[in-house]
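Worth knowing before you read on, the calculation uses all heavy atoms, side chains too, and leaves out hydrogens, waters and symmetry mates.
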Amino acid sequence: MLGSEAHDKRPPMLTSSNQDLSPHLADVGQIKHYFCGCCAAFNNVAITYPVQKIFFRQQLYRIKTWDAILQLRKDGFRNLYRGIFPPLMQKTTTLALMFGLYEDLSCLLRKHVSNAPEFATRSVAALLARTTEAILTPLERVQTLFQDHKHRDKFTNTYQAFRALRCHGVAEYYRGLVPILFRNGFSNILFFFFFGLRGPIKEHLPTATTQSAHLVNDFICGGVLGAMLGFLSFPVNVVKARIQSQIGGPFQSLPMVFKTIWIERDRKLINLFRGAHLNHHRSLISWGIINATYEFLLKIV
């Protein structure tokens with residue numbers, strides 16, 4: 001959805017002599033956005049996972065960047081990628097669905113609501129596609145537990161983490177669902193608010209004449225938009241992290257948890273955004289990688 005020219009390319013009309021091939025080509029066209037989104041997510045998670053762990057601990061414990069790094073160092077290199085399986089599964093599935101459903105729903109809406117503005121159809125398609133991430137809340141839930149060093153000795157793999165939650169009921173897997181829905185909806189609205197900036201950003205960049213230049217431009221466009229969205233939705237992620245770090249016990253509402261965090265952080269906005277600078281850098285890199293990888297694969301697949 002942060003795509004450039006390749007994003008709007010559609011398969012050409014087939015002549016009668018090629019009609020027998022149309023079902024196969026249509027299948028390829030339908031799945032390539034899912035495939036490209038999946039690969040982009042895999043590339044992103046593999047590169048940025050250690051940074052994700054650092055800023056998560058800053059969100060949860062209100063500690064400085066260096067202290068979070070020291071925690072990871074104390075955990076050892078062996079545990080650096082501990083817990084990567086849930087976010088890898090979650091992000092690859094989420095982005096595959098997000099990009100793929102976005103394209104499919106856009107085409108479907110354009111076909112059945114032909115008189116609607118393109119911006120409206122794409123907005124609705126993006127909103128529907130974005131909400132699919134909520135289905136994968138259990139994976140994000142387990143990822144949060146792995147990143148919290150308090151749970152380091154409770155389980156050693158994803159299966160044990162899921163098993164530990166099972167005894168608390170199915171609802172425990174979906175603890176933190178409300179802030180996730182709120183975050184996704186909020187970021188989606190902001191995405192389309194800032195989407196118009198993609199053009200001006202590219203206008204201020206050197207004209208791309210090579211494949212490498214196109215990759216750089218796509219990285220910058222995706223990174224800038226992603227960083228803005230990541231920064232603005234940061235407080236919601238702070239609340240989500242606090243909610244999902246708990247195992248068992250009563251389910252607290254989003255406003256109640258936010259109020260608790262607000263009081264703990266001396267009612268200062270700057271304390272609520274502790275770690276936001278690192279999250280900003282991570283979002284810049286993450287969405288830059290996602291957008292550049294997605295656009296590159298979209299052109300060659």
Side-chain angles (χ1 to χ4, degrees), residues 41-91 137-165 172-173 175-176 179-180 183 226-227 230-231 233-249 252 257-258 260-266 268-289:
F42 183 92
N43 197 23
N44 167 54
V45 173
I47 295 172
T48 63
Y49 185 71
V51 181
Q52 167 77 18
K53 293 185 79 169
I54 293 173
F55 94 79
F56 169 82
R57 294 192 180 187
Q58 285 189 285
Q59 285 180 329
L60 195 59
Y61 300 118
R62 192 185 161 191
I63 58 178
K64 296 180 179 179
T65 303
W66 182 246
D67 293 330
I69 293 174
L70 288 178
Q71 279 191 3
L72 291 185
R73 185 178 177 182
K74 185 178 180 181
D75 291 343
F77 180 79
R78 195 174 125 188
N79 292 317
L80 185 61
Y81 279 89
R82 179 177 178 267
I84 194 175
F85 182 72
L88 198 60
M89 288 294 295
Q90 179 215 0
K91 293 299 183 184
T137 296
L139 290 173
E140 189 167 352
R141 172 89 168 93
V142 171
Q143 175 191 353
T144 301
L145 296 178
F146 272 117
Q147 290 177 335
D148 186 355
H149 77 280
K150 288 183 178 179
H151 301 297
R152 183 175 57 191
D153 300 325
K154 292 182 180 179
F155 28 75
T156 58
N157 55 54
T158 304
Y159 174 75
Q160 288 183 357
F162 273 106
R163 192 174 178 181
L165 296 176
E172 190 68 29
Y173 291 110
R175 187 186 289 269
I180 288 175
R183 178 196 64 192
F231 180 81
S233 62
F234 186 81
V236 182
N237 280 324
V238 172
V239 176
K240 182 199 75 75
R242 173 65 66 88
I243 292 174
Q244 291 192 326
S245 65
Q246 177 184 342
I247 300 178
Q252 294 182 314
V257 176
F258 178 82
T260 301
I261 295 173
W262 180 250
I263 294 173
E264 287 178 356
R265 302 197 178 187
D266 304 322
K268 293 182 179 178
L269 193 62
I270 190 171
N271 289 339
L272 191 63
F273 277 86
R274 183 180 289 276
H277 67 290
L278 188 60
N279 180 60
H280 176 274
H281 300 330
R282 184 199 63 83
S283 296
L284 180 70
I285 296 171
S286 291
W287 278 104
I289 293 172

All heavy atoms of Ser233 vs all of Arg183, minimum pair found to be CB-CG, 4.3 Å

Smallest heavy-atom separation, Pro86 atom then Val142 atom, equals CG-CG1, 3.7 Å

What one should report as the nearest heavy-atom pair of Ala241 and Thr144 is O-CG2, 3.9 Å

Strictly distance-based, threshold 3.5 Å: is any side-chain N or O of Asn43 a donor or acceptor partner for the main-chain N or O of Ile289? no

Lys240 meets the salt bridge (charged side-chain N to carboxylate O under 4.0 Å, His left out) criterion, sequence neighbours left out, with Glu140

Note to self: Using modelled atom types and a 3.5 Å cut-off, is there a donor and acceptor pairing between side-chain atoms of Tyr81 and backbone atoms of Pro50?
What the structure shows: no

Review point. Between Gln244 (side chain) and Leu145 (backbone), is there a donor-acceptor pair under 3.5 Å?
Key: no

Output for pair (Asn271 CG, Trp262 CH2), nearest 0.5 Å, gives 8.5 Å

Problem set entry | Over 12 non-hydrogen atoms of neighbours within 6.0 angstrom of CD1 in Ile263 | yes

Applying side-chain hydrogen bond (donor to acceptor under 3.5 Å, both in side chains) to His277 and not counting sequence neighbours gives Thr65

Checklist entry - Which of parallel (below 30°), tilted (30 to 60°) and perpendicular (above 60°) describes His280 and Phe231? => result perpendicular

Separation between NZ (Lys53) and CD1 (Ile84), nearest 0.5 Å, reads 9.0 Å

Rounded to the nearest 0.5 angstrom, the OH-NZ distance for Tyr49 and Lys91 is 12.0 Å

Output for pair (Asn44 CG, Thr48 OG1), nearest 0.5 Å, gives 4.0 Å

Residue set satisfying side-chain hydrogen bond (donor to acceptor under 3.5 Å, both in side chains) with Lys154, at least two apart, ordered chain then number -> His151

Please report, to 0.1 Å, the donor-acceptor pairs under 3.5 Å made by any side chain of residues 158-165, with sequence neighbours excluded.
from, atom 1, to, atom 2, distance (Å)
Gln160, OE1, Thr156, N, 2.8
Gln160, OE1, Thr156, OG1, 3.3

Residues Trp287 and Gly226: closest non-hydrogen pair is CD1-CA, 3.5 Å

* To do: Check whether more than 12 heavy atoms from other residues, nucleotides or ligands sit under 6.0 Å from atom OH of Tyr173, and answer yes or no.
  => yes

In this structure, CG of Leu70 is separated from CD1 of Ile54 (nearest 0.5 Å) by 10.0 Å

Note: Phe258 and Val239 closest approach over all heavy atoms is CD1-CG2, 3.8 Å

With sequence neighbours left out, the residues meeting side-chain hydrogen bond (donor to acceptor under 3.5 Å, both in side chains) with Gln252 are none

- prompt: Between the side chain of Arg141 and the main-chain N/O of Glu172, is any donor-acceptor distance below 3.5 Å?
  reply: yes

| Any side-chain heavy atom of Val51 sitting closer than 4.5 Å to one from His281? | no

Taking every heavy atom of Leu88 against every heavy atom of Phe42, the minimum-distance pair comes out as CD1-CD1, 3.7 Å

Residues at least two apart in sequence or cross-chain that pass salt bridge (charged side-chain N to carboxylate O under 4.0 Å, His left out) with Asp75, listed by chain then number, are Arg57, Arg152

Taking the side chain as everything from C-beta on, heavy atoms only, tell me whether Glu264 gets closer than 4.5 Å to Thr260. yes

In this structure, CD of Gln143 is separated from CD of Gln90 (nearest 0.5 Å) by 6.0 Å

_side-chain contact (heavy atoms from CB on, under 4.5 Å) between Val238 and Arg265, worked out_ = CA-CA 12 Å; Val238 172; Arg265 302 197 178 187; 4.1 Å; yes

